[in-house]
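Below: one structure, written as structure tokens.
Chain identifiers are assigned alphabetically (A, B, ...) following the order of the sequence lines, protein sequences preceding nucleic acid strands; residue numbering begins at 1 within each chain.
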Amino acid sequence: MSNKPTLPKGTRDFGPQQMAQRTYILDTIRTVFQKFGFQPLETPSLENLSVLTGKYGDEGDQLLFKILNNGLDDPKNRDKAEQAFANVVQGKNDSNLTERALRYDLTVPFARYVVMNQHEITFPFKRYQIQPVWRADRPQKGRYREFYQCDADVVGTDSLLCEAEIIRMLEEAFGQLGIEKYTINLNHRQILNGLVEAIGAQGQESDLLVAIDKLDKIGKDKVIAELQERGFSDEAIQKLSPVFDLQGSTQEMLDTAERIVSSSEVGQQGVNELKVILKMAQSMGSSLDHVRFDLTLARGLSYYTGTIFEVKAQDTAITSSISGGGRYDNLTGVFGLPGVSGVGISFGVDRIYDVMEDLNLFPEESTAGTQVLLINFDKELQPQVIPVLAQLRSKGIRAEMYPDAVKLKKQFSYADKKNIPYALVIGTNELESGQYSLKNLKSGEQQSLSLEAIIERLLADR
RNA sequence: GUGAUUGUAGUUCAGUUGGUUAGAAUGCCUGAUUGUGGUUCAGGAGGUCGCGGGUUCGAGUCCCGUCUUUCACCCCA
């Protein structure tokens with residue numbers, strides 16, 4: 001029998017260095033959210049299973065992490081539990097066996113919160129939420145079973161200002177993180193609906209979306225093959241062909257799209273909305289350099305009804321999207337509150353981390369730890385050295401003293417490994433003269449200075 | 001859920017058609033240097049070969065199961 005502990009599939013530990021880097025990402029995003037007027041919200045890790053099922057499609061339901069009820073071993077529950085188990089084995093949910101599940105995303109819990117607090121909330125309601133979510137997916141590159149989402153959503157307004165602000169937030173966040181090469185892909189569900197109408201393929205919406213969403217991944221020919229396989233007529237595919245060959249500036253592509261869906265009223269409406277959004281984003285200071293209209297962007301989540309967003313980084317092995325979102329007209333409808341429109345964006349911190357790691361984008365400050373290590377010479381001297389430690393900290397300097405009076409070699413190599421830039425040596429000589437030895441561990445130079453001078457130097461070098 | 005793939009020292013990996021006591025690099029500890037790290041040199045510790053079963057005189061090596069890793073599909077952050 002092995003006693004070696006292991007992690008559950010698809011989960012990870014984050015050590016001190018990784019935590020510093022992750023915190024840097026989260027803080028950057030949080031600051032952007034707050035700057036745009038979003039307020040924080042946290043919801044429980046657990047939700048009632050009935051809140052989550054049916055919101056993510058059949059595939060999504062399969063990926064929920066369900067929690068086994070307690071008390072199943074109680075003899076008086078036994079019959080119920082066995083009956084429930086029989087149901088679950090047949091793929092049905094049964095609250096006598098599982099009535100809770102881990103949250104799958106942040107949007108549905110948010111919708112639940114809005115419905116439960118509809119009378120207290122002032123609309124439009126802008127909230128951000130940064131918490132882990134869980135999916136019972138098979139892990140692979142950029143996919144984990146536990147990962148963080150950073151969501152910002154606005155509910156209670158149809159204004160396209162929100163969409164424009166989302167574009168600005170994406171630009172600010174990725175700009176501040178130093179990710180320069182990325183694309184914000186933009187599309188509109190109504191344009192896609194218009195497309196379905198225009199080619200006369202009503203009733204095959206989802207088949208169409210799934211197929212054309214793969215265009216940049218598998219190419220035109222394979223998409224056409226897949227469409228044929230899914231039973232689209234040659235005529236319909238013929239009508240789609242301009243979609244595969246879209247080129248030019250965002251504006252030009254939008255104009256082309258407008259022609260393609262000209263026979264459809266909803267399609268037209270979608271194109272117009274995107275045009276308005278882009279203009280608004282521009283007047284908010286967006287260069288639109290990173291924004292691209294992508295008629296083949298579909299996104300899986302079934303609740304989107306308007307604009308949809310997806311962000312991908314370039315020049316990196318991480319090809320999956322690092323951010324995504326869109327407008328949903330009726331998310332709270334399933335909880336009995338119809339007519340509340342919302343739009344939101346979600347940042348995938350774990351993938352952003354992978355991209356930044358891959359491109360080496362973490363600034364040195366983002367991992368800053370202790371600034372100065374006090375060398376521990378001798379137990380006898382500690383009463384005189386400890387006050388120095390306190391004094392450094394009172395000035396806001398990140399300082400620590402090596403806890404044991406071991407060999408200096410060991411203490412210095414500890415500082416070296418922890419990437420501490422300075423070591424402060426206070427031994428008998430220093431205490432006699434009042435001039436302490438400050439060593440810069442990067443350059444190797446060492447100076448005798450008064451405590452005031454040391455504090456000044458450390459404060460200047462932060 | 002479907003199809004592949006991986007597992008040997010803290011870490012990254014060698015290990016031949018099955019054959020004595022399973023190796024390297026790096027990291028770790030000690031010393032050269034009893035008040036000075038990152039370089040160098042010398043020495044040392046560290047492994048139930050993922051786990052369980054099977055074949056065999058003999059298994060890290062072959063077979064079965066299981067868990068795990070990574071990847072593609074599906075889907076998705």
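Under the Watson-Crick and G-U wobble criteria, each requiring two contacts below 3.5 Å, nucleotide B:U55 is left unpaired. Look at B:G60: it lacks any Watson-Crick or wobble partner with both distances under 3.5 angstrom. B:G27: no Watson-Crick or G-U partner with both key distances under 3.5 Å is found in any strand. Of all nucleotides present, none satisfies the Watson-Crick or G-U wobble test against B:G37 with each distance under 3.5 Å.
Here A:F362 and A:Y353 bring their ring centres to under 6.0 angstrom of each other. Two rings, from A:F347 and A:F33, have their centers less than 6.0 Å apart.
For the salt bridge (Lys or Arg N to Asp or Glu O under 4.0 Å) criterion with A:R22, the lone passing option out of A:D350, A:D27, A:D354 is A:D350. For the side-chain contact (heavy atoms from CB on, under 4.5 Å) test with A:V311, the passing option among A:L170, A:N185, A:I345 is A:L170; the others fail. Of the listed residues (A:R327, A:R127, A:K126, A:Q129), just one forms a side chain to side chain donor-acceptor pair (under 3.5 Å) with A:D153, and that residue is A:R127.
Side-chain proximity of A:K417 to B:A77, B:U36, B:C28: nearest is B:C28. When the nucleotides B:G35, B:A77, B:C74 are ranked by their closest atom to the side chain of A:Q140, B:C74 comes out on top. When the nucleotides B:U69, B:G37, B:U36 are ranked by their closest atom to the side chain of A:K9, B:U69 comes out on top. Among the nucleotides B:G3, B:C74, B:A77, the one closest to the side chain of A:E59 is B:C74. Side chain of A:R138, nearest nucleotide from B:C71, B:G37, B:C75: B:C71. The side chain of A:N429 sits closest to B:G35 out of B:C29, B:G35, B:G37.
A donor-acceptor contact under 3.5 angstrom links the side chains of A:E400 and A:T370, judged on distance only.
Across the P atoms, B:G38 and B:U33 are found 15 Å apart, a figure rounded to whole Å. B:C73 and B:G65 are spaced 27 Å apart, taking the P atom of each and rounding to whole Å. Rounded to the nearest Å, the gap between the C1' atom of B:C63 and that of B:A14 is 25 Å. Across B:A45 and B:A24, the matching P atoms stand 13 Å from one another, rounded to whole Å. When the C1' atom is compared between B:A72 and B:C51, the two are found 27 Å apart, to the nearest whole Å. When the C1' atom is used for both B:A9 and B:G47, the distance is 5 Å, rounded to whole Å. Of the C1' atoms belonging to B:G60 and B:G1, the separation is 34 Å, rounded to the nearest Å. Here the separation of B:A25 from B:A32, taken at their C1' atoms, is 24 Å to the nearest Å.
At the heavy-atom level, A:S321 lies under 4.0 Å from the strands shown only through sugar-phosphate atoms. Using a 4.0 Å heavy-atom criterion, one finds that A:F347 contacts no nucleic acid atom at all. Residue-level contact check: A:G60 touches neither bases nor backbone, having no heavy atom under 4.0 Å from any strand. Residue-level contact check: A:V425 touches the bases, meaning some heavy atom is under 4.0 Å from a base atom. Residue contacts shown for A:K141 are limited to sugar-phosphate atoms, with no base heavy atom under 4.0 Å away. Heavy atoms of A:Y144 sit under 4.0 angstrom from at least one base atom. Nucleic acid contact for A:K214: sugar-phosphate only, since backbone atoms but no base atoms lie under 4.0 Å from a heavy atom of the residue. If you check every strand for non-hydrogen atoms under 4.0 Å, A:E430 touches a base. Among the protein residues, A:S320 comes within range of no part of the nucleic acid, since none of its heavy atoms lies under 4.0 Å from any strand.
For the OP1/OP2 pair of B:U33 and a distance below 4.0 Å, the side-chain nitrogens and oxygens of A:K407 include no atom meeting the criterion. Within the 4.0 Å cut-off from OP1 or OP2 of B:U36, not a single side-chain nitrogen or oxygen of A:Q411 is found.
At distances below 3.5 Å, not a single donor-acceptor pair connects side-chain atoms of A:E432 with backbone N or O atoms of A:N429. Between the side chain of A:R103 and the backbone N or O of A:P44 there is at least one donor-acceptor pair closer than 3.5 Å.
One cannot find a donor-acceptor pair under 3.5 Å joining the base of B:C76 and the side-chain atoms of A:R135. Side-chain to base pairing of A:D416 with B:G37: one donor and one acceptor N or O lie within less than 3.5 Å of each other. Between the side chain of A:R351 and the base of B:C76 there is at least one donor-acceptor pair of N/O atoms closer than 3.5 Å. In terms of polar N and O atoms assigned as donor or acceptor, the side chain of A:K439 comes within less than 3.5 Å of the base of B:U36 in a complementary pairing.
Across the protein-nucleic acid pair, A:L26 atom CG and B:A77 atom P stand 18 Å apart, rounded to whole Å. Between A:I184 atom CD1 and B:A77 atom C1' the separation is 16 Å, expressed in whole Å. Distance CG (A:L63) to C1' (B:A77): 13 Å, rounded to an integer number of Å. Protein atom NZ of A:K410 is 13 Å distant from nucleotide atom P of B:G38, rounded to whole Å. Remark: P of B:G1 and CG of A:D61 are 15 Å apart, rounded to the nearest angstrom. For A:Y56 and B:C74, the OH to P distance is 22 Å, given to the nearest whole Å. Separating the CG atom of A:L106 from the P atom of B:C76 is a distance of 17 Å, rounded to the nearest angstrom. Here B:G35 presents its C1' atom at 13 Å from CG of A:L431, a figure rounded to the nearest Å.
Residues A:K409 and A:D137 both approach RNA chain B. Their nearest nucleotides, taken by heavy-atom distance, put A:K409 toward the 5′ side. Sequence order on RNA chain B of the closest nucleotides to A:S413 and A:S323 puts A:S413 first from the 5' end.
Using bins of under 30°, 30° to 60° and over 60° for the plane-to-plane angle, the ring pair A:Y104/A:Y56 lands in the tilted bin.
Aromatic stacking is not marked for A:Y414 over B:G37, as the cut-offs of 5.5 Å for the centres and 30° for the planes do not both hold.
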